[in-house]
2 protein chains.
Amino acid sequence: MFIYLPCTLTVIYDVPLIRLTLKKDAVLKIGIKDIAKQANVSIGTVDRVLHNRGEVSKTTREQVLKIIDELGYTPNLLAKSLSSKIKYTIAVLIPDAGSNPYWEKPLEGIKAAAREIKKFNFELQVATFDYSNENSFTEKANEILESNPSGFILAPVFYESSLTVIEKCDTLELPYVFIDVFIENCKNLAYFGQNSAQSGYLAARLMNYSINKGSSHLYIVKPLNPSAPVYHLSLREKGFISYFSLETTNQPDIHSMDFDISSPSILVESLDTIFASNQYPSGLFVANSRVHLVANYFEKNKIKNVVLIGYDLLPENIEYLEKGVIQFLVCQKPEEQGYKSVFSLFNHLFLKKPVDKLNYSPIDVIMKENIEYYKNFKI
Amino acid sequence: MFIYLPCTLTVIYDVPLIRLTLKKDAVLKIGIKDIAKQANVSIGTVDRVLHNRGEVSKTTREQVLKIIDELGYTPNLLAKSLSSKIKYTIAVLIPDAGSNPYWEKPLEGIKAAAREIKKFNFELQVATFDYSNENSFTEKANEILESNPSGFILAPVFYESSLTVIEKCDTLELPYVFIDVFIENCKNLAYFGQNSAQSGYLAARLMNYSINKGSSHLYIVKPLNPSAPVYHLSLREKGFISYFSLETTNQPDIHSMDFDISSPSILVESLDTIFASNQYPSGLFVANSRVHLVANYFEKNKIKNVVLIGYDLLPENIEYLEKGVIQFLVCQKPEEQGYKSVFSLFNHLFLKKPVDKLNYSPIDVIMKENIEYYKNFKI
DNA sequence: CTGAAAGCGCTTACAG
DNA sequence: CTGAAAGCGCTTACAG
């Protein structure tokens, strides 16, 4: 039923000033030649002070520096990379996508960034390791360090081994960027990853809004991959739980349920138990991308009106979201994490620009209506 | 109450192959010199066929073309823009931010893009017009066309005048990009804007999830600026309404309420009426960024438990979202629209890359928990 | 300590 | 129709 309820509409004529900004940009770009002329030196000398390569007398150095400052010189990056023979190599060490399809996404972003900075003589070295094999991590890391890259992006999933690697980086003065996993008190150039607890908290709010209020049962499902670490999972769980203890007067019973993804039958049994019990769920929060397993169960058993929230845009998840079996997918732009990791090193190495150290990904709320725009990674 | 319910956990050892991809990239970059040598011509001739500047005999032309193809030549863009004297100018014609603060955002993105492609000899010309003055649009457009830009980004808010301008662009073979407003059957290079109906539809789903189910009253608030067009507003309204008629068995009464933003007292009166009536609202959907006016009313009158959903990240809206007065803000990355408009012209003019014609912005769902990541525009 | 010169991969007149 | 040469703004040996 649609009711139209118009209010009085007063027309006003509040005419803002018309203005036209046509930048004439009369500022002529000044180059090292101009500086050289002003300072009565050769461009070679200017270059020496520009890059602190010494072999310049103090007085001329200061003179040149002064003029550079006065004229507000900024180097022409195109000319720089055209003439320079320096090659930059960015090494990447992340888990094998075979063990976790998640890692395809950051790699996609990494590759996209690599394509963009290729023209500036940047090259990529990608190595992967096995989640269930700490040695493979160390071995690959050592291989990389021996190849002497200009920068290093790594997912430090094994704490002890990572510390050893990081120490070596520090000694070599090799700038390194953490992706996805964060280790504290390191001299890492930057970190790009998720705010897992926060995303769980957000999911809880969505859950709370979506379920029928009043006493109810919520289930946190944690699909475990025995060979993969679980910190994201438990942080998401913590965030989810803390929302209900902090923000709402609505206090549902929250149950937690772990299961090994390699034995789906256990999941089915557990879900059977839950749905047959007198603790019938109002909603399920699946703390990672395996939410499609639960969605599949819902579909088969024709379960409706139970809110289902999960993570990540796997094709299966997208399908169930579009069908309406999953209500919300929380997503943390994994491609962007990879993309930005590369660019942080580019900014540091090439542009000599300062880089933000702590970088959490946006937490996207994906629904039927907006999934279209998140499906494909585009910069 | 938190209950832990563990399932059996079986450890498996599914060891994926370890692999190391160290791109050696032995492919030497080939340039016009190599082509020239292969074809036994000078680089001048190669350049002539590369740019179809004629003055080349058919046979040599074909020979060169063949070699270019064989060697898979791709031009070095850095060298190209370093040596070329060609300047590109992108003209922009959008509404004055004075009449609608929204337009600051696309402009921000436009400027960001401009900074990035400045090094490729791209320059920006920004002109603004007055929403309440169609003549100002036409005048500025003509001024721009006379300045003979390389590309044109415009918000064609006045239909008739826009058609005239567009016709001139077509004659001049000037590529033009629509931003925010779309006109059908034009030869525009691209369009960047919102999918307004879709966002209303999404807002309705959020609303439906958030309100207590059962019979209820929802209000669509349309804050009107008499000098600005309303198509986005009414599309959002339509989308909102159609969700309830299409997707849900839950059929609340939906009331629509327009008011002139220049007389806030009318809004207050209307809200007073609503909240005193026997049609007490479960939720209000404010179809644009003025949702903070309603939020302000909520705060003053200590209204709780009424779902409030609105648009855009104005500072006031952010504040009320963080306070919990507004539950959801729907946002359509206006900065990105500007940013991408510029890049579509860059791709077309400079890179000669094909450009997608229809580009809807992602519809972001913003809540307390993720607003942090959407506040600042970053590429 | 400093300068002159070649070169990066293109474009752009100009000469023939 | 075609080629030789200068130049874009830098870097990089090399000579003094």
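Predicted, not measured: the structure shown is a model, and the values here were computed from it. Note on naming: letters A, B, ... go to the chains in the order of the sequence lines (proteins, then strands), and numbering restarts at 1 for each one.
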Grab the CZ-P distance between F120(A) and dG9(C) for me, whole Å please.
16 Å
From Q38(A) atom CD to I67(A) atom CD1, the distance as rounded to the nearest 0.5 Å
5.5 Å
Flag for Y339(B)-E116(B): side-chain donor and acceptor within less than 3.5 Å:
yes
Check this one for me: any side-chain N or O of K80(A) less than 4.0 Å away from OP1 or OP2 of dC8(C)?
no
Determine the interplanar angle of the F129(B) and F137(B) rings, folded into 0 to 90°, and report it as parallel if under 30°, tilted if 30 to 60°, perpendicular if over 60°.
perpendicular
Which protein N or O atoms sit under 3.5 Å from an N or O of nucleotides 2-6 of chain C?
residue	atom	partner	partner atom	Å
dT2(C)	OP1	S57(A)	OG	3.3
dT2(C)	OP2	S57(A)	N	2.9
dT2(C)	OP2	T60(A)	OG1	2.9
dG3(C)	OP2	S42(A)	N	2.9
dG3(C)	OP2	S42(A)	OG	3.3
dG3(C)	OP2	T45(A)	OG1	2.8
dG3(C)	N7	R48(A)	NH2	3.3
dG3(C)	O6	R48(A)	NH2	2.3

Can you find a side chain N or O atom of S84(B) that sits less than 4.0 Å from OP1 or OP2 on dT12(C)?
yes
dG9(C) P sits how many Å from L50(B) CG, rounded?
15 Å
Consecutive Watson-Crick or G-U pairs in runs of at least 3, all under 3.5 Å, in which DNA chain D is involved
C:1-3 with D:14-16, C:5-12 with D:5-12, C:14-16 with D:1-3
Quick one: sort the F182(A) and F178(A) rings into parallel, tilted or perpendicular, breaks at 30° and 60°.
perpendicular
Taking side chain to side chain contact (heavy atoms under 4.5 Å, CB included) as the test, write out the residues that go with N359(A), two or more places apart.
A190(A), F192(A), D356(A)
From NE2 of H51(B) over to P of dG9(C), roughly how many Å is that when rounded to an integer?
16 Å
If you pin K58(B) and L82(B) to their nearest nucleotides in DNA chain D, which one's is more 5'?
K58(B)
Kindly check if the number of other-residue, nucleotide or ligand heavy atoms within 6.0 Å of NZ (K119(B)) is above 12?
yes
Find the distance I86(B):CD1 to dC10(C):C1' and express it as a whole number of Å.
12 Å
Integer-rounded Å distance: dC8(C) P and D34(B) CG
11 Å
Taking atom P of dC10(C) as reference, at what distance in whole Å does atom CG of L78(A) sit?
14 Å
Minimal non-hydrogen separation, P362(B) against Y373(A), with atom names
CA-CB, 3.4 Å
Exceeds 12 heavy-atom contacts within 6.0 angstrom, atom CD of E173(B)
no
Could you give the CG-to-P distance, from N76(A) to dC8(C), as a whole number of Å?
18 Å
No-hydrogen, no-angle side-chain donor-acceptor test under 3.5 Å, Q337(B) and S361(B):
yes
Winner on side-chain proximity to A79(B), out of dC10(C), dT12(C), dC10(D), is dC10(C)
Whole Å only: how far is the NZ atom of K33(A) from the P atom of dT11(D)?
14 Å
